[in-house]
Amino acid sequence: MTPIPEFDDGERWIVESALKERYGKIVATQPAEVELRLAPGDATLTACPTLYWEARGAAFVLAKVGAACWRAMFFYPAEPGGEQYGTGRAEYDDLADCVIALLRAQADHEKDRKGARTGTTADDLNDPGEGETAP
């Protein structure tokens, strides 16, 4: 089997541009490698080039599982027995769609964790409330 190609400069640019748009600053990505089963029932694991980054308490993993195929997930490394979260879709054939879906899934999850309701703004979530002081 031919090894999966590394992330090229154009692919890294897509990811890093999406991160800059989401967070309003440059977020460093780190190259990594994960071993995954590429198909259900595969007995062997395949080494897959990966980009890893952390932002707002979450860690993100974006694995390249083919020449134009990606998988993504996020988790919270500070949580004991931390769960992994995905986008609800197993694989993407468009890198931009994959990264945007991953960032949206994590943003939605972050709002749920903070108890956001419809109409809640960032100011509401960051407001310490009456009689409390901000850290």
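Note: hydrogens, waters and symmetry copies are ignored here, and every other heavy atom, side chains too, is used.
Expressed to the nearest 0.5 Å, how far CG of Asp9 lies from CZ of Arg12 amounts to 8.0 Å. Atom CD of residue Glu6 and atom CD of residue Glu33 lie 7.5 Å apart, to the nearest 0.5 angstrom. To the nearest 0.5 Å, atoms CG (Leu62) and CH2 (Trp53) are separated by 5.0 Å. Taken from CG in Leu38 to CD in Glu91, the straight-line distance is 7.5 Å, to the nearest 0.5 Å. Atom-to-atom distance recorded for Arg89:CZ and Asp97:CG is 6.5 Å, nearest 0.5 angstrom.
Scored by the side-chain hydrogen bond (donor to acceptor under 3.5 Å, both in side chains) test, Tyr92 finds Thr87 as partners (sequence neighbours excluded). Scanning for side chain to side chain contact (heavy atoms under 4.5 Å, CB included) contacts around Ala68 gives Trp70, with sequence neighbours left out. The side-chain hydrogen bond (donor to acceptor under 3.5 Å, both in side chains) check on Tyr52 picks up Glu54, with sequence neighbours excluded.
Hydrophobic clustering (ILVMFWY, side-chain heavy atoms < 4.5 Å, transitive): Tyr23 and Phe75 are in distinct clusters. Cluster annotation: Leu51 is connected to Leu103 through the hydrophobic network of ILVMFWY side chains, with a link wherever side-chain heavy atoms come within less than 4.5 Å. Note: the hydrophobic cluster containing Tyr85 does not contain Ile100 (ILVMFWY, side chain heavy atoms under 4.5 Å, direct or indirect links). By the rule that hydrophobic residues join a cluster once side-chain heavy atoms approach within less than 4.5 Å of another member, Leu95 and Leu102 end up as members of one cluster. Residues Leu19 and Phe7 are members of one and the same hydrophobic cluster, defined by side-chain heavy-atom contacts under 4.5 angstrom among Ile, Leu, Val, Met, Phe, Trp and Tyr.
The shortest heavy-atom contact between Lys64 and Pro5 is CD-O, 3.2 Å. Minimum interatomic distance between Leu36 and Ala63 (heavy atoms only, all atoms of both residues): CD1-CB, 3.9 Å. Residue Phe60 comes nearest to Ala55 through the heavy atom pair CE1-O, 4.0 Å, listed as atom of the first residue, atom of the second, then distance. In terms of heavy atoms, Ala105 sits closest to Gly86 at CB-O, 3.8 Å. Ala39 and Arg71 get closest at one heavy-atom pair: N-NH2, 4.5 Å. The shortest non-hydrogen separation linking Cys98 to Ala72 is SG-CB, 3.7 Å.
When atom types are taken as modelled, the side chain of Thr50 and the backbone of Cys48 share a donor-acceptor pair closer than 3.5 angstrom. With Asp94 contributing its side chain and Ala96 its backbone, the two residues share a donor-acceptor pair below 3.5 Å. A donor-acceptor pair under 3.5 Å links the side-chain atoms of Glu11 to the main chain of Asp8, judged by distance alone.
Applying side-chain hydrogen bond (donor to acceptor under 3.5 Å, both in side chains) to Tyr76 and the options Glu83, Glu110, His109 leaves one that passes, His109. Each of Ile26, Val27, Thr29 was scored for a side-chain contact (heavy atoms from CB on, under 4.5 Å) with Glu16, with one residue passing: Thr29.
Between Val34 and Leu45, the closest side-chain pair of non-hydrogen atoms is not below 4.5 Å.
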